[in-house]
Amino acid sequence: MLAVAVCMLNQSRQHRRRRAPNVNRRRDSRGIVCGVPSSGRSSPRERKRKGATSMKAVVITTPGGPEVLQLHEVEDPELKDNEVLIKVEATALNRADILQRKGMYPPPPGSSPYLGLECSGTIEAVGKQVSRWQVGDKVCALLSGGGYAEKVAVPAGQVLLAPPGVSLQDAASFPEVSCTVWSTVFMMSRLSAGETFLVHGGSSGIGTFAIQIAKYWGAKVFVTAGSKEKLAFCKNLGADVCINYKTEDFVARLKEETGGKGVDVILDIIGAEYFRRNLKSLSFDGRLFVIGTMGGAVTEIDLRVVLSKRLTIQAAGLRYRSPENKAAIVREVENNVWPAIVAGKVKPVVYKYFPLSEAAEAHLLMESSKHIGKILLLP
């Protein structure tokens, strides 16, 4: 590289190769990838000579507010032998996207630098080691990143057939929530028929899905939400008890509704702010699963409460799991969740669709928390 640079500096201006302006990939002090990823391509002519093709993707120009999201032309994903290339029909917003945009949630090493943890679309190409999927298949997929684009490459094990009876666009609302809820509430917290289940943020994408799948599997469902409209929506989805966290003490209400016993499983997106109250709300042998820290990440714990009630406290995310672990979760979802969707017992809840070029507006809506269910982006 140094020899090339010196050679170019020694050339006369009239013989220098004309270069197209680039916005190069760079990492800030937190290791966050910013700017338009560039692989050293210097001009459209050179890209054509190398056989590279391009697509449009939403780029984080620098960590910050929604305004830093811009639609740029970038290179197509590079397809690995164990991956499929999906032409994206839709992608869904998640709270993790906001954190990544702010520079607080970097993608796993080797993953796409673009936002987007789930998508739906049509398979355009398959890697040499892929046998299950074929070009033309209508699918949805769990991603480590890259959904905010026209195309995305994803390990074949993280792909699901788009469920019959659901539009291909709306299928994008399922992968992240279904894999999150099934892996935490059912695979790890072992919620079973006849038990009681509380999900905080019942009107969120996670919440609206959790209500439906928990009811399908025979649990009694409690939710918290912050408005009459949201509580009414949760009730219509099947929630048994709906609590306004702004006007009610959810601990007292849960005790009242369960005869002082408490609930068996809690799925929490709030974190520190609710931690002690969650422990008080659990029954003996109760299980708390934390998947978010919207209300803070640092708290204290009274181990006597945990010991006396034999509580289990867990926390996990999806993005940093290994491809093998994600594939195992996806297969569990295919076997246990997809039949409920096909039967019409679990339905997509989509609040609004935005074109990919309006990703900033979609982020503003999510940060306002005025929505119910999922927000989708359409390339």
Side-chain angles (χ1 to χ4, degrees), residues 82-84 86 89-90 92 94 117-123 126-127 129-134 136-144 147 154-195 197 199 205-221 237-238 264-265 267 287 289 291 312 314 316-349 373-374:
N82 66 336
E83 294 181 333
V84 301
I86 298 175
E89 181 78 13
N94 289 279
L117 299 178
E118 57 193 327
C119 77
S120 62
T122 305
I123 293 181
V126 298
Q129 298 174 3
V130 177
S131 58
R132 177 179 180 183
W133 304 109
Q134 298 179 351
D137 285 345
K138 306 297 183 183
V139 298
C140 54
L142 179 68
L143 311 174
S144 295
V154 56
Q158 293 167 214
V159 177
L160 289 149
L161 193 66
V166 176
S167 72
L168 188 55
Q169 282 187 355
D170 288 354
S173 68
F174 281 128
E176 179 74 15
V177 295
S178 61
C179 289
T180 296
V181 173
W182 188 260
S183 64
T184 58
V185 176
F186 292 91
M187 292 175 69
M188 300 180 73
S189 294
R190 309 175 312 282
L191 180 68
S192 58
E195 289 194 307
F197 169 58
V199 56
I206 289 285
T208 52
F209 176 84
I211 292 168
Q212 296 181 83
I213 196 63
K215 288 297 295 182
Y216 176 79
W217 283 96
K220 183 175 182 178
V221 178
L237 280 181
D264 297 302
V265 176
L267 184 64
R287 291 88 79 192
F289 212 109
I291 58 170
T312 299
Q314 299 180 89
L318 275 176
R319 195 176 195 187
Y320 295 108
R321 293 174 183 259
S322 69
E324 294 78 15
N325 190 224
K326 290 177 184 176
I329 293 171
V330 166
R331 296 288 75 81
E332 283 274 331
V333 166
E334 182 177 37
N335 293 332
N336 297 287
V337 175
W338 250 228
I341 297 174
V342 173
K345 301 299 183 181
V346 175
K347 299 179 180 180
V349 180
K374 299 287 283 188

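Computed from heavy atoms alone, side chains included, the values below leave out hydrogens, waters and symmetry copies. Predicted model, so just to flag it, every value in this text is computed and none were measured.
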Seminar exercise, completed: On a heavy-atom basis, the closest approach of R331 and G157 is NH1-O, 3.1 Å
Exercise. If you round to the nearest 0.5 Å, how far is CD1 of I329 from OG of S178?
Worked result: 10.0 Å
Exercise. Which residues satisfy the salt bridge (charged side-chain N to carboxylate O under 4.0 Å, His left out) test with E332, sequence neighbours excluded?
Worked result: none
Seminar exercise, completed: Nearest heavy-atom approach of G373 to T208 is CA-OG1, 3.9 Å
Problem set entry | Side-chain donor/acceptor of S189 to backbone N/O of T184, under 3.5 Å | yes
For this session: Take E334 and R132, measure what salt bridge (charged side-chain N to carboxylate O under 4.0 Å, His left out) needs, and give me the verdict at the end.
Result: CA-CA 14 Å; E334 182 177 37; R132 177 179 180 183; 2.5 Å; yes
For this session: Output the distance between atom CZ (F197) and atom CD1 (I211), rounded to the nearest 0.5 Å.
Result: 8.5 Å
For this session: Calculate, to the nearest 0.5 Å, the distance between atoms CD1 and CZ belonging to I341 and F209 respectively.
Result: 5.5 Å
For this session: Might you point out which heavy atoms bring T180 and L318 nearest each other, and give the distance in Å?
Result: OG1-CD1, 3.2 Å
For this session: Taking side chain to side chain contact (heavy atoms under 4.5 Å, CB included) as the test, write out the residues that go with A92, two or more places apart.
Result: E118, K374, L376
Seminar exercise, completed: Only residue of C140, S173, P175 satisfying side-chain contact (heavy atoms from CB on, under 4.5 Å) with S120 is C140
Seminar exercise, completed: Smallest heavy-atom separation, A162 atom then L168 atom, equals CB-CD1, 3.9 Å
Exercise. About how many Å separate CG of L237 and CD of Q212, when rounded to the nearest 0.5 Å?
Worked result: 5.0 Å
Exercise. Do the ring planes of W338 and F174 sit parallel (below 30°), tilted (30 to 60°) or perpendicular (above 60°)?
Worked result: perpendicular
For this session: Can you measure from CD1 (I86) to SG (C119) and round to the nearest 0.5 angstrom?
Result: 4.0 Å
